[in-house]
Amino acid sequence: MNAERLPVSGRDAGSRSEGWKRYLATLRYGTYVIFHPFDGFWDLSHEKRGSLAAAHTFLGLFLLTYVLRLMLTNFQFISAPIQYINIYEQCGSLLLPFLVMCVANWGLSTLFDGKGRFRDIYMAMCYALVPYILIQLPLVLLSHLISFDEYAYYTVLASISVIWCAALAFIGLMEVHDYSAGKTVVFLIATVIGAMIILFLMLVFFSLLSDAVGYFVSLYREIVFRLY
């Protein structure tokens, strides 16, 4: 019996090894995407060069980098009340708009004849975050090695990371949906408006839900008070 099971376990080990190699390859592909965005984003979705696992990793590293930047950057370069920082709130304040933007982009793609699936949009947006990770993480350490007189260099590098990410997101959505540059601009404006509408509806829904819960809680307390 043991001899019969060995080939199965060997295949399982080989499958895990191949899966791990593919994961590492899709992580490394992120560096190709940021320097060759047009070919990179096209192959990311159409040639299956990326993976959701790598996309989740880049999004997680982006959130981690943002939190570390707030908490560990030299106070000369960023003023954040560390004692009042809530890590979960900071991550949520970035993660929720990010996901809403992806949903709005996917929802409006039907009206604009977009070819991208939600999976492709999400992966492109996550891979576009790589420059922020690669630049902002070293900047946290660099902020403790330079003086305030060199603040201009810090600001320029930080700005480059954000602009680079924005440019990659633009190109990524253009390649995913197979749009022209002009149509992508219009589509992004519509996406932002759609995301704002979704967030507004979410706020209204949770506000009404909170009022309803409060009403039933008050009703329950009133009933308990009168009975007992």
Practice problem: Could you go through the side-chain contact (heavy atoms from CB on, under 4.5 Å) check for F98 and L129 one step at a time? | Solution: CA-CA 11 Å; F98 179 87; L129 300 174; 4.2 Å; yes

Practice problem: Might you work through the side-chain contact (heavy atoms from CB on, under 4.5 Å) test for Q136 and L68, ending with a clear yes or no? | Solution: CA-CA 9 Å; Q136 291 284 353; L68 291 178; over 6 Å; no

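Tracing side-chain contacts under 4.5 Å through hydrophobic residues (I, L, V, M, F, W, Y), one reaches V204 starting from V103; they form part of the same cluster. Both M202 and F205 sit in one connected hydrophobic cluster of ILVMFWY residues. Membership requires side-chain heavy atoms under 4.5 Å apart, directly or through other members. Under a hydrophobic-cluster definition in which Ile, Leu, Val, Met, Phe, Trp and Tyr are linked whenever side-chain heavy atoms come within less than 4.5 Å, directly or via other members, V100 and F200 are assigned to the same cluster. No continuous path of hydrophobic side-chain contacts links L52 to W42 [ILVMFWY only; heavy atoms under 4.5 Å]. Note on I121 and F38: same hydrophobic cluster, where clusters join Ile, Leu, Val, Met, Phe, Trp and Tyr whose side-chain heavy atoms are under 4.5 Å apart, directly or indirectly.
Residues Q90 and L94 are not in side-chain contact: their nearest non-hydrogen atoms beyond the backbone lie 4.5 Å or more apart. L173 places a side-chain heavy atom less than 4.5 Å from the side chain of M125. Taking 4.5 Å as the limit, every side-chain heavy atom of L61 sits out of range of all side-chain heavy atoms of L137. You'll find the side chain of Y122 reaches within 4.5 Å of the side chain of L99, heavy atoms only. Put simply, the side chain of F187 reaches to within 4.5 Å of the side chain of L108, judged on heavy atoms. Between N105 and F118 there is no side-chain heavy-atom pair separated by less than 4.5 Å. Looking at Y179 and F112, their side chains come closer than 4.5 Å, going by heavy atoms from C-beta outward. Between L44 and E175, every side-chain heavy-atom pair lies at or beyond the 4.5 Å cut-off.
More than 12 heavy atoms of other shown residues, nucleotides or ligands fall within 6.0 angstrom of atom CG in L24. Around the OH atom of Y23, the shell of radius 6.0 Å holds more than 12 heavy atoms that belong to other residues, nucleotides or ligands. More than 12 heavy atoms of other residues, nucleotides or ligands shown are found within 6.0 angstrom of NZ on K48.
Shown here are the side chain to side chain contact (heavy atoms under 4.5 Å, CB included) partners of I135, two or more places apart in sequence or in another chain: L139, L157, I160, S161, W164. With sequence neighbours excluded, the residues satisfying side chain to side chain contact (heavy atoms under 4.5 Å, CB included) with A181 are F170, M174.
In summary, the aromatic rings of Y29 and H36 are positioned with their centroids too far apart to meet the 6.0 Å limit.
The nearest pair of heavy atoms linking G116 to V176 is CA-CG1, 3.5 Å. Residues A104 and G194 approach most closely at CB-C, 4.0 Å, considering heavy atoms. When all heavy atoms of T191 and M101 are compared, the closest pair comes out as CG2-O, 3.7 Å. Taking all atoms of both residues into account, the shortest heavy-atom contact from P37 to F35 is CD-C, 3.4 Å. Taking all atoms of both residues into account, the shortest heavy-atom contact from L168 to V33 is CD2-O, 4.1 Å.
Under a 3.5 Å cut-off, the side chain of R22 and the backbone N or O of G50 do form a donor-acceptor pair. Of the possible donor and acceptor atoms, one in the side chain of H144 sits under 3.5 Å from a partner among the backbone N and O of L72. Between the side chain of S109 and the backbone N or O of G114, no donor-acceptor pair lies under 3.5 Å. Of the possible donor and acceptor atoms, none in the side chain of S210 sits under 3.5 Å from a partner among the backbone N and O of F206. Formation of a donor-acceptor pair under 3.5 Å by the T73 side chain with backbone atoms of R69 is found in this model.
To the nearest 0.5 Å, atoms OH (Y88) and CG (L95) are separated by 14.0 Å. Put simply, OG1 on T26 and OH on Y32 are 15.5 Å apart, with the number rounded to the nearest 0.5 Å. Expressed to the nearest 0.5 Å, how far CG of L27 lies from OH of Y127 amounts to 6.5 Å. A distance of 12.0 Å separates OG1 of T57 from CG of L64, quoted to the nearest 0.5 Å. The structure places CG of L203 at 12.0 Å from CD1 of I198, a figure rounded to the nearest 0.5 Å. Atoms CG and CG, on L199 and L96 in that order, are 6.0 Å from each other to the nearest 0.5 Å.
Residue pairs meeting the salt bridge (Lys or Arg N to Asp or Glu O under 4.0 Å) criterion with at least one partner in residues 116-145, sequence neighbours excluded, are R117-D120.
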